[in-house]
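Accompanying notes for the structure given below.
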Amino acid sequence: MNRMLIESAPKRLYIDGNWVAASDGSEFSVYDPANEEELARVASATAEDALKAVDAAHRAGDIWRQYSPRARAEILRKAYELMQDNRDKIATLISLEEGKTKAEALGEVNYASEFFRWYAEEGVRDLGALMRSPGGANNILVQHHPVGVCLLITPWNFPAAMGTRKIAPALAAGCTVILKPASETPLTALLLAELLEEAGVPAGVVNVLPSRRASVITNAILGDERLRKISFTGSTEVGRLLLAKAGERVVNCSMELGGNAPFIVLDDADMDVAIDSALVAKMRNAGESCIAANRFYVHSSIVEEFSSRLAEEMGKLTVGDGLENGVDVGPLVNADTLNKVCELVDQAVAQGAKTLTGGERMKRKGYFYKPTVMTNIPETANICQTEIFGPVAAIYPFDDIDEAIWKANQTEFGLAAYVIGRDLGRALSVASRIEAGILGINRGFVSDPAAPFGGFKQSGIGREGAQDGLHEFIEKQYIAVEW
Ligand code: NAP
């Protein structure tokens with residue numbers, strides 16, 4: 001069944017409503033991280049292909065912006081329904097190329113499709129504003145225009161949701177897009193394009209360009225005057241490069257970048273809530289999530305109980321091929337990600353850290369790492385400040401909450417944070433002192449299409465989801481009216 005799914009999945013570039021080979025005929029391999037075997041060969045876009053996609057998106061923009069908000073909304077709603085109808089197929093593809101378990105992949109398909117439903121609803125209610133200046137001197141009419149042609153670049157960890165979180169608001173606003181998916185996971189993005197075509201998205205409105213030459217094609221697109229916006233999700237390192245490049249032509253930028261989330265457990269925490277929330281915040285997608293709990297700060301009066309219970313629960317998780325029944329944790333996405341986790345843990349252990357469970361890769365084919373809990377970590381260890389992106393919980397005790405908050409904020413990142421405590425007033429006051437765009441209180445799951453998702457500091461610029469996500473794709477035009 002999986003073989004048939006891969007064979008029938010689109011593998012060419014999607015430009016102007018056509019499925020085409022790369023202009024130089026080149027392709028690249030996509031692998032299954034559970035067995036390191038090649039899944040498929042996918043076309044690898046060139047700079048020439050990229051400019052063809054800009055032509056198509058620019059031409060289609062004239063047509064798409066003439067669609068009424070309702071007409072666009074109905075297509076988005078249809079896209080939501082098609083994703084739901086094809087849940088199993090999309091989830092299997094995600095699991096095959098990214099590694100997450102089938103159950104998690106089904107969850108991702110739900111989350112991803114919700115962006116189409118949410119922006120189908122939001123897009124028809126965001127039509128501008130009419131105000132009068134306080135002194136009565138002026139009538140202020142604010143019209144909303146689509147920004148124009150947008151370049152969307154997505155990471156591999158949520159191959160469907162990271163795409164729809166950008167495509168849905170862009171299309172609702174009347175923009176046309178060129179999506180460059182991560183090279184680890186292009187198949188899901190191409191399948192989305194097929195579904196969007198079926199939903200009635202006109203040719204050229206959505207173009208998808210897998211490519212192993214990310215910087216070549218993005219530089220070509222960013223250099224084209226018709227490109228008006230870049231919306232990027234990925235590492236802070238690449239985000240900085242793109243911001244610098246976009247600065248040359250003052251291109252509108254939205255950036256969803258890396259994280260280093262603190263998870264603070266206060267002395268009055270309900271231990272069951274703390275453990276459940278920690279498991280969700282740490283283990284979603286095997287820890288390969290930008291909002292994954294990265295540093296656990298636990299009050300010293302409960303740190304032993306928390307550590308041993310978390311280690312017990314993490315030790316019970318079954319690691320294996322995400323498509324097999326009964327598996328809780330799939331493989332990491334590739335060898336680089338696995339090697340980075342191995343290095344961080346080995347270095348911390350060499351410096352004196354203690355491993356309560358896990359602490360090593362699995363001795364089998366595939367990029368599997370055992371769920372790991374660590375304590376006694378010296379502050380000089382790299383793991384203290386690095387985005388781990390793997391199934392490793394690093395625990396640090398604290399006595400003074402001011403010190404824990406100070407440590408939580410000692411990072412260039414500011415995406416997500418978690419606070420666990422029974423006294424909600426105290427938990428809220430701790431939360432409001434954390435420099436992060438997303439806070440979970442007494443829960444580990446925080447993603448929601450209706451909420452503004454984004455980071456403080458070097459975790460990004462702008463928000464995705466909620467009405468805010470739509471405004472990222474809108475230019476406001478103010479007209480002073482005399483009547
Ligand atoms: P990445 O290496 O930054 O890659 C992200 C995307 O950028 C991929 O499509 C990649 O293409 C492309 N890219 C890489 N180098 C580029 C360049 N020089 N110019 C233009 N594009 C380039 O990140 P990743 O490893 O895929 O994802 C993990 C990172 O994403 C983590 O830091 C995580 O925290 C962050 N993330 C953030 C959010 C959020 O919402 N804030 C969500 C998910 C992930 P190739 O694949 O072809 O190299």
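- Among residues two or more places apart in sequence or in another chain, the ring pair (Phe, Tyr, Trp, His ring centres under 6.0 Å) test is passed with Tyr478 by none.
- A side-chain contact (heavy atoms from CB on, under 4.5 Å) with Ile178 holds for exactly one of Val149, Ile217, Ile15; it is Val149.
- Ionic pairing of Arg433 and Asp402 is present here: one or more N-O contacts between side-chain nitrogen and carboxylate oxygen are shorter than 4.0 angstrom.
- Closest approach of Ile90 and Met83 over heavy atoms only: CD1-O, 3.8 Å.
- Not counting sequence neighbours, the partners of Phe398 by the ring pair (Phe, Tyr, Trp, His ring centres under 6.0 Å) test are His299.
- When the options Lys476, Gln477, Glu475 are evaluated for a side-chain hydrogen bond (donor to acceptor under 3.5 Å, both in side chains) with Gln143, the one that passes is Gln477.
- Between Asp267 and Arg426 there is a salt bridge, since a side-chain N of the basic residue sits under 4.0 Å from a carboxylate O of the acidic one.
- Sorted by first and then second residue, the side-chain hydrogen bond (donor to acceptor under 3.5 Å, both in side chains) pairs involving residues 438-450 (not counting sequence neighbours) are Arg284-Ser447.
- Residue pairs meeting the ring-ring contact (aromatic ring centres under 6.0 Å, His included) criterion with at least one member in residues 121-166, sequence neighbours excluded, are His144-His471, Trp156-Phe389.
- Screening residues 196-212 for side-chain hydrogen bond (donor to acceptor under 3.5 Å, both in side chains), with sequence neighbours left out, gives Tyr14-Glu197.
- Taking both residues in full, the closest heavy atoms of Ala427 and Leu266 are given as CA-CD1, 4.1 Å, listed atom of the first, atom of the second, then distance.
- Between the side chain of Thr164 and the main chain of Ala168, no donor-acceptor pair closer than 3.5 Å is present.
- Side-chain atoms of Val251 and Arg228, non-hydrogen and from C-beta on, never get closer than 4.5 Å to each other.
- Under the rule for a ring pair (Phe, Tyr, Trp, His ring centres under 6.0 Å), Phe413 has no partner lying at least two apart in sequence or in another chain.
- With sequence neighbours excluded, the residues satisfying side chain to side chain contact (heavy atoms under 4.5 Å, CB included) with Arg70 are Ser68, Glu74, Val124.
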Quiz item: Can you check side chain to side chain contact (heavy atoms under 4.5 Å, CB included) on Thr176 and His58, steps first, answer last?
Solution: CA-CA 7 Å; Thr176 56; His58 184 250; over 6 Å; no
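- Within a 6.0 Å sphere centred on NZ of Lys78, heavy atoms belonging to other residues, nucleotides or ligands number 12 at most.
- When all heavy atoms of Ala173 and Pro146 are compared, the closest pair comes out as O-CB, 3.2 Å.
- In summary, Arg59 and Asp62 do not engage in a salt bridge, as defined by a charged side-chain N under 4.0 Å from a carboxylate O.
- At a cut-off of 3.5 Å, with distance as the only test, a side-chain donor of Arg295 or Asn260 sits close to an acceptor on the other residue.
- Closest heavy-atom contact between Val208 and Ala193: CG2-CB, 3.7 Å.
- Distance check, rounded to the nearest 0.5 Å: CG of Leu332 to OG1 of Thr337 gives 6.5 Å.
- Atoms CG and CZ, on Asn139 and Arg132 in that order, are 5.0 Å from each other to the nearest 0.5 Å.
- With sequence neighbours excluded, the residues that form a ring pair (Phe, Tyr, Trp, His ring centres under 6.0 Å) with Trp64 are Tyr67.
- Taken to the nearest 0.5 Å, the CD1 atom of Ile230 stands 6.5 Å off from the OG1 atom of Thr218.
- To the nearest 0.5 Å, atoms CZ (Arg213) and OG (Ser183) are separated by 10.5 Å.
- Taking every heavy atom of both residues into account, Ala182 and Pro155 meet most closely at CB-C, 3.5 Å.
- A pairwise comparison of heavy atoms in Gly469 and Pro169 identifies O-CB, 3.6 Å as the closest pair.
- For the pair Lys407 and Tyr297, the cation-pi criterion (under 6.0 Å, within 45° of the ring axis) is not fulfilled.
- Residues Ser23 and Thr46 bring a donor and an acceptor atom of their side chains to less than 3.5 Å of each other.
- With hydrogens and angles left out, the side-chain atoms of Gln84 and Asn110 include a donor and acceptor closer than 3.5 Å.
- Side-chain atoms of Asn157 and Asn285 form no donor-acceptor pair, as typed in the model, at a separation below 3.5 Å.
- Atom OG of Ser231 is separated from atom CD1 of Ile153 by 9.0 Å, given to the nearest 0.5 angstrom.
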Exercise. For Val329 and Thr101, run side chain to side chain contact (heavy atoms under 4.5 Å, CB included): C-alpha distance rounded to whole Å, both residues' side-chain angles, the deciding distance at 0.1 Å, then the answer.
Key: CA-CA 6 Å; Val329 186; Thr101 64; 5.7 Å; no
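- Sequence neighbours left out, the pairs with a member in residues 228-274 that pass ring-ring contact (aromatic ring centres under 6.0 Å, His included) are Phe263-Phe296, Phe263-Tyr418.
- Here Pro186 pairs with Phe28, Val30, Val42, Glu97, Pro181, Pro210 under the side chain to side chain contact (heavy atoms under 4.5 Å, CB included) rule; sequence neighbours left out.
- Here the CG-OG distance, from Leu82 to Ser113, works out to 11.0 Å after rounding to the nearest 0.5 Å.
- Sorted pairs that involve residues 251-260 and meet salt bridge (charged side-chain N to carboxylate O under 4.0 Å, His left out), not counting sequence neighbours, are lacking altogether.
- The existence of a salt bridge linking Glu121 and Arg125 is excluded, since no basic side-chain nitrogen approaches an acidic carboxylate oxygen closer than 4.0 Å.
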Output side-chain donor-acceptor pairs under 3.5 Å for residues 454-466, partner residues at least two apart or in another chain, one line each.
from	atom 1	to	atom 2	distance (Å)
Lys457	NZ	Asn409	O	3.1
Lys457	NZ	Thr411	O	2.8
Lys457	NZ	Glu435	OE1	2.8
Gln458	OE1	Arg240	NE	3.2
Gln458	OE1	Arg240	NH2	2.5
Ser459	OG	Gly258	O	2.6
Ser459	OG	Gly414	N	2.9
Ser459	OG	Leu415	N	3.2
Arg463	NH1	Gly455	O	3.4
Glu464	OE1	Arg165	NE	2.5
Glu464	OE1	Arg165	NH2	3.1
Glu464	OE2	Lys166	NZ	2.7

